[in-house]
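Below you'll find the structure, written out as structure tokens, and then a few comments.
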Amino acid sequence: MSEVQEIKEGYKESPLGLIPEDWEVDELGNRLNKIVGGGTPTRGNAAYWINDIPWATVKDLKKERISHVEEYISKEGLNQSASNLIEKGTLIIATRMALGKAVFFEMDVAINQDLKAIYPDPSIGNEFLRYWFYSQVTKIQELGSGSTVKGIRLEVLRKLQLIVPPLPEQKIIADILTAVDDKIEAIDQRIKATQTLKKGLMQRLLTKGINHTEFKDSPLAEIPKSWEVLCIDDACEIHNNLREPISAEMRKGMQGEYPYYGPTKAVDYINKYSLEGDYVLIGEDGDHFLKFKTWSMTQLVSGKFNVNNHAHILKGTSICLTEWIHFYFQHRDLFNFLTRQGAGRYKLTKASLLKIMLAIPPVSEQKQIAEILTSVDDKLDALREKKSTYQELKKGLMQQLLTGKKRVKI
């Protein structure tokens with residue numbers, strides 16, 4: 001990275017505050033050569049939807065640089081719609097739904113009506129402008145209009161004011177921020193690799209155990225010969241009597257240090273606790289049950305805490321460790337035990353929960369497996385913390401560098 005130094009002199013007043021004397025403030029529209037919109041071919045003509053040209057929508061804007069999309073259209077579909085083919089490396093922004101998103105595609109791509117291709121004049125670098133959009137997400141979202149789905153009108157977008165450094169400084173600023181982005185991307189790749197490792201370990205360890213050569217049939221398919229199968233009612237303790245529903249209004253006057261858990265996470269922190277120790281929480285209701293492959297169905301909690309009436313409270317016994325309950329059900333499909341509460345909403349009653357079966361190894365093996373999976377979780381937590389640190393670094397650098405509060409040496 002280039003050296004960054006505090007600005008000490010040589011700045012001036014501007015509509016956006018103090019800026020370096022050789023920087024300018026201008027409306028975005030004055031610094032753009034053109035904005036190109038998109039469209040959607042009619043879904044009624046199958047010939048328009050052939051794997052020919054990548055076609056992008058806001059659902060594809062998942063990273064800053066994008067190498068693949070979910071849908072493709074034909075050349076005929078492109079020609080018979082308002083969509084436009086945008087050259088790779090062009091800055092593309094969302095003007096509806098994902099307001100503030102600004103990305104580059106690594107291939108030529110057709111865009112739909114919710115996206116716009118931005119072509120800055122020679123005084124603005126593409127990479128610098130992308131980071132500027134990133135820094136303006138909150139403001140752009142606030143300027144959006146619409147009762148259900150927000151969009152921003154182009155005339156509003158063009159009126160946004162931006163600070164414009166000289167091009168050489170823009171490039172260095174973009175290079176610094178790109179270096180941080182590259183680090184975040186590298187951490188993301190390590191997170192994905194570790195998640196894949198954990199998935200493979202869970203598939204093997206939770207069904208085949210460690211170093212087993214003899215297996216037997218069971219109600220849960222084939223398991224090691226030394227394992228047994230029991231219902232939750234026979235293997236675990238249930239402590240739902242310790243749940244305490246406290247309204248959000250009441251919790252406003254009870255703010256404190258003790259977590260107050262719901263079905264999937266801590267929803268608040270209050271000044272009292274009703275449980276202490278190690279427990280597993282399994283949601284009682286919600287839509288998370290349908291996302292069991294990517295969402296955890298369990299929460300392993302320790303210390304002093306509280307639980308509302310939307311999560312079941314389980315604890316291990318002499319034959320079934322608390323950690324085993326957590327890992328065994330963490331990504332388990334519980335759909336067959338649910339009662340529908342409405343569109344996409346389901347409930348796992350206590351009666352149904354107690355009937356769910358789980359495979360139970362000897363306690364010593366449970367401990368071994370739990371230690372292996374916990375070590376992987378610890379690695380994931382460390383990587384996520386590291387990613388968060390770099391994200392905060394990026395946020396701070398953007399606040400300083402894009403406003404000129406800190407200068408880079410050219």
Side-chain angles (χ1 to χ4, degrees), residues 202-203 206-207 218-221 223 227-251 258-270 272-361 366 370 373:
M202 292 183 74
Q203 289 174 341
L206 298 179
T207 58
S218 81
L220 297 173
I223 60 173
W227 292 21
E228 59 181 323
V229 173
L230 293 174
C231 293
I232 284 180
D233 193 22
D234 298 319
C236 314
E237 295 178 3
I238 308 295
H239 293 276
N240 283 5
N241 59 305
L242 298 176
R243 302 189 302 184
E244 186 175 0
I246 306 173
S247 69
E249 188 63 32
M250 288 185 63
R251 296 199 305 271
Y258 303 113
Y260 183 73
Y261 286 98
T264 60
K265 63 182 179 180
V267 296
D268 211 339
Y269 289 82
I270 60 176
K272 56 171 285 188
Y273 65 91
S274 56
L275 291 105
E276 183 175 3
D278 300 327
Y279 293 84
V280 172
L281 309 182
I282 297 180
E284 181 173 323
D285 49 27
D287 59 359
H288 63 285
F289 294 114
L290 304 182
K291 305 168 186 175
F292 66 92
K293 290 183 179 179
T294 54
W295 284 35
S296 179
M297 298 293 100
T298 57
Q299 301 175 78
L300 181 61
V301 294
S302 301
K304 300 173 180 178
F305 60 95
N306 308 271
V307 181
N308 68 17
N309 58 321
H310 297 287
H312 299 290
I313 306 172
L314 287 74
K315 191 173 181 63
T317 62
S318 61
I319 62 171
C320 183
L321 298 179
T322 301
E323 292 82 1
W324 179 257
I325 301 168
H326 165 62
F327 285 118
Y328 189 83
F329 289 109
Q330 188 172 30
H331 294 290
R332 190 73 50 176
D333 183 0
L334 302 175
F335 186 80
N336 290 334
F337 298 93
L338 305 178
T339 302
R340 185 183 289 273
Q341 289 187 299
R345 299 288 296 180
Y346 298 89
K347 184 179 182 71
L348 177 63
T349 66
K350 180 181 177 182
S352 294
L353 174 72
L354 295 177
K355 296 176 183 177
I356 298 176
M357 292 187 290
L358 69 161
I360 302 178
Q366 291 180 43
L373 296 177

Asn240 side chain vs Ile313 backbone, donor-acceptor pair below 3.5 Å: yes
Looking at Glu284, is its backbone amide N or carbonyl O close enough to the side chain of Lys347 to form a donor-acceptor pair, meaning the two atoms are under 3.5 Å apart? no
Only one of Tyr261, Tyr258, Tyr269 passes side-chain contact (heavy atoms from CB on, under 4.5 Å) with Phe305; say which it is. Tyr261
Would you please name every residue forming a side chain to side chain contact (heavy atoms under 4.5 Å, CB included) with His331, sequence neighbours left out? Met202
Students often mix this up, so state it plainly: with edges at 30° and 60°, are the rings of Tyr279 and His239 parallel, tilted or perpendicular? perpendicular
Flag side-chain contact, heavy atom, 4.5 Å: Ile356 against Leu348: yes
Beyond-backbone contact of Thr298 with Leu281, side-chain heavy atoms, under 4.5 angstrom: no
Looking at every non-hydrogen atom in both residues, tell me the closest pair between [X] and [Y] and how far apart they are.
X      : Y      : result
Ile360 : Trp324 : CA-NE1, 4.3 Å
Ala311 : Gly262 : CB-O, 3.7 Å
Glu323 : Ala370 : CB-CB, 3.8 Å

Would you give the length of the straight line joining atom [atom1] of [X] to atom [atom2] of [Y], rounded to the nearest 0.5 angstrom?
X      : Y      : atom1 : atom2 : answer
Leu230 : Leu358 : CG    : CG    : 7.0 Å
Cys236 : Tyr328 : SG    : OH    : 11.0 Å
Glu244 : Asn241 : CD    : CG    : 12.0 Å

For Phe335 and Phe292, I'd like to know if the aromatic rings sit close, meaning centre-to-centre distance below 6.0 Å. no
Taking side-chain hydrogen bond (donor to acceptor under 3.5 Å, both in side chains) as the definition, give me every residue that meets it alongside Ser296, ordered by chain and number, with sequence neighbours left out. none
Does atom NZ (Lys291) have a neighbourhood of more than 12 heavy atoms from anything else shown, all under 6.0 Å? yes
